[in-house]
Amino acid sequence: MGYQAQGPVILPQSNLDDRETLVSEHKHKGKTCRQSTAVFNVVNSIIGSGIIDFSLVLLIKGGALSGTDTYQSLVNKTFGFPGYLLLSVLQFLYPFIAMISYNIITGDTLSKVFQRIPGVDPANLFIGRHFIIVLSTAAFTLPLSLYRDIAKLGKISLLSTVLTTLILGIVMARVVSLSPYIPKTEDAWVFAKPNAIQAVGVMSFAFICHHNCFLVYGSLEDPTVAKWSRIIHISTLASVLISILFSTCGYLTFTGYTQGDLFENYCRNDDLVTFGRFCYGVTVILTYPIECFVTREVVANVFFGGNLSLVFHIIVTVVIITIAMLVSLLIDCLGIVLELNGVLCAAPLIFIIPSACYLKLSEEPRTHSDKIMACVMLPVGAVVMVVGFVMAITNPQDCTHGQEMFYCFPDNFSLTNISGSHFQLTTQPSILNTSIFQ
């Protein structure tokens, strides 16, 4: 593994400056990366799975205060074995479910890409989502996940970030060319509805990389809290900008019809979007190994004392990836996966645990800005977790997985008398001429 738990380095309780490190020097020999590489690793995790700026800095500060160098050891030292066990479960489940969601996206996205190859039968078994999930796992995600050092993924993360930029350009271009032809839902511009808390769960899924921040931090040359803060600020700025552009452009195009997987909204005969789907599939495949690193480290820390031999490294990796692949073959709706993972795993990892650790460890006065923010984040996380879970179960999102949207058919449909989730369909001459896709 690229980052393995060892004895904690005891640090002073204050003066968190450039001289302070969380990982001893000998752990970095041959396993270090520059700040720019760390930025791409964090951004890659962010865009695949995301970040919250202040919470990440708070987490590393908690590690400095406790003299620990992993998320698990931080919680273990702060709340003992029960806290350690709870965190281990959450820290395993979040990236593991993320791996499942990435498999779903890969199967859904690349199957539509291969269907556009001339002469290929859309019903061909070898371009179906199940075969693609198995093939991508065996040929790409498993070999990449077998790396023991996360620093080696820096160039891969850079490629993933470049491809994400290309995808964003395609989504932005389709706002101009496609949006005028897509009917808008009646309540398209309502800012928030009573079930908005469900969106917070999805955003919690998107805005987290706490489960692997110590891995990235440990891959830095001379890791310090100040250096980590700079990396986080740069990564956050880039990722928030990309996320806002993606969400805004997607919603402006499809309004209330926007699916959990944005590419499910586009028609299959759109060649430009087909290229975007290919880039998206590659990006997801390249993000997958970072999540596998975390799940494997949790298993190593809980069951193997933080160290895996080469044989057990391979066995654990293969078992984790195989189980994730099998589950993803049985589930085909992305929205509910994102919601539940967000409210049950991401919310406590983002809001509750870092705040609770810092509040217990810090000796700063109650009026200190860090303590005030921690006191705000903790109850917010509890509300998101409880209310979000209840609403996800009682008010599940619709899923149109694998189905062409109504506006993609030659004899198109327009919506009339839209009210809530009930609407009537009336046929009209095609309002979405396929020529705009060329």
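Below, all heavy atoms of this structure are taken into account, side chains as well, without hydrogens, waters or symmetry copies.
Few gaps surround CZ on Phe79; more than 12 heavy atoms of other groups in view lie less than 6.0 Å from it.
Residues passing the side chain to side chain donor-acceptor pair (under 3.5 Å) test with Thr322: none are found, sequence neighbours excluded. By the side-chain contact (heavy atoms from CB on, under 4.5 Å) test, Met172 pairs with Leu168, Cys249, sequence neighbours left out. By the side-chain contact (heavy atoms from CB on, under 4.5 Å) test, Thr78 is found to be paired with Leu74, Cys357, Lys360, Leu361, residues two or more places apart in sequence or in another chain being considered. Looking at residues two or more places apart in sequence or on another chain, you find no side chain to side chain donor-acceptor pair (under 3.5 Å) involving Thr109. Residues meeting the side chain to side chain donor-acceptor pair (under 3.5 Å) test with His233, sequence neighbours left out: Asp53. Under the rule for a side chain to side chain donor-acceptor pair (under 3.5 Å), the partners of Gln115 that lie at least two apart in sequence or sit in another chain are Arg268.
Phe312 and Phe304 have their aromatic ring centers within a separation under 6.0 angstrom. Remark: aromatic rings of Tyr280 and Phe263 are close, center separation under 6.0 Å. For Phe254 and Tyr266, the ring centers are positioned less than 6.0 Å apart.
Remark: of the listed residues Asp270, Asp271, Asn269, Asp271 is the sole one forming a side-chain hydrogen bond (donor to acceptor under 3.5 Å, both in side chains) with Arg116.
Distance CG/Leu144 to OG1/Thr287: 11.0 Å, rounded to 0.5 Å. Going from atom CD1 of Ile105 over to atom OG of Ser328 covers 11.0 Å, rounded to the nearest 0.5 Å. Interatomic distance, Ile352 CD1 to Met385 CE, rounded to the nearest 0.5 Å: 6.0 Å. The distance from the CD1 atom of Ile133 to the CG atom of Leu329 is 5.0 Å, given to the nearest 0.5 Å. To the nearest 0.5 Å, atom CD1 of residue Ile117 and atom CZ of residue Phe114 are 6.0 Å apart. Atom-to-atom distance recorded for Leu359:CG and Met377:CE is 9.5 Å, nearest 0.5 angstrom.
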Going through the distances and angles, do Asn265 and Gln259 end up as a side-chain hydrogen bond (donor to acceptor under 3.5 Å, both in side chains)?
-> CA-CA 6 Å; Asn265 283 98; Gln259 299 297 304; 5.2 Å; no
Pair Lys184-Ser179, side-chain hydrogen bond (donor to acceptor under 3.5 Å, both in side chains): steps then yes or no = CA-CA 9 Å; Lys184 312 302 178 187; Ser179 179; 2.9 Å; yes
Any chance you could lay out the side-chain contact (heavy atoms from CB on, under 4.5 Å) test for Phe246 and Ile167, step after step, and finish with the verdict?
-> CA-CA 9 Å; Phe246 263 118; Ile167 298 168; 3.7 Å; yes
Are Tyr358 and Glu364 close enough, and set up right, to give a side-chain contact (heavy atoms from CB on, under 4.5 Å), and what steps lead you there?
-> CA-CA 10 Å; Tyr358 183 80; Glu364 298 288 351; 4.0 Å; yes
Does the side-chain contact (heavy atoms from CB on, under 4.5 Å) test come out yes or no for Phe126 and Ile132, once each step is laid out?
-> CA-CA 7 Å; Phe126 296 106; Ile132 289 174; over 6 Å; no
Show your working on side-chain contact (heavy atoms from CB on, under 4.5 Å) between Phe96 and Ile323 and close with a plain yes or no.
-> CA-CA 9 Å; Phe96 181 75; Ile323 295 175; 3.5 Å; yes
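Considering only heavy atoms from C-beta on, Ile60 stays 4.5 Å or farther from Leu56 through its side chain. Looking at heavy atoms from C-beta onward, Trp189 lies in side-chain contact with Tyr251 at the 4.5 angstrom threshold. Contact annotation: the side chain of His313 never approaches that of Tyr147 to less than 4.5 Å [non-hydrogen atoms, C-beta and beyond]. You'll find the side chain of Ile182 stays beyond 4.5 Å of the side chain of Thr255, heavy atoms only. In this structure, Ile231 and Leu220 have side chains that are in contact, with non-hydrogen atoms separated by less than 4.5 Å. Between Ile393 and Leu340, some side-chain heavy-atom pair lies under the 4.5 Å cut-off. Side-chain contact between Met405 and Glu264 is absent, with no heavy-atom pair separated by less than 4.5 Å. Side-chain contact between Met99 and Ile320 is present, with heavy atoms from C-beta onward closer than 4.5 Å.
Of all non-hydrogen atoms in Leu59 and Cys213, the two that sit nearest each other are CD2-SG, 3.3 Å. The shortest non-hydrogen separation linking Ser101 to Val337 is CB-CG1, 4.1 Å. Contact record, Leu110 with Phe278: CD2-CA, 4.1 Å, taken as the closest heavy-atom pair. Closest approach of Thr367 to Ile372, counting heavy atoms only: O-CD1, 3.4 Å. Scanning all heavy atoms of the two residues, the minimum distance from Arg129 to Ser111 falls at N-CB, 4.1 Å. When all heavy atoms are compared, the tightest approach of Val384 to Ala347 is CG1-CB, 4.2 Å.
Taking the ring axis of Phe293 as reference, the NZ or CZ atom of Arg296 stays within 45° of it and closer than 6.0 Å to the ring centre.
The closest donor-acceptor contact from the side chain of Ser160 to the backbone of Ile156 lies at 3.5 Å or more, if one exists at all. Checking side-chain atoms of Lys371 against main-chain N and O of Arg366 turns up no donor-acceptor pair under 3.5 Å. For the pair Thr185 (side chain) and Gly256 (backbone), a donor-acceptor distance under 3.5 Å is present. Checked by atom type and distance alone, the side chain of Asn341 pairs as donor or acceptor with a backbone atom of Tyr94 at under 3.5 Å. Panel note: side chain Ser55, backbone Ile350; a donor-acceptor pair is recorded below 3.5 Å. Side-chain N or O atoms of Thr165 include one that pairs as donor or acceptor with a backbone N or O of Thr161 at under 3.5 Å.
Below 30°, between 30° and 60°, or above 60°: for Tyr102 and Tyr288 the angle between ring planes is between 30° and 60°, a tilted geometry.
Side-chain polar atoms of Ser73 and Thr70 form a donor-acceptor pair below 3.5 angstrom.
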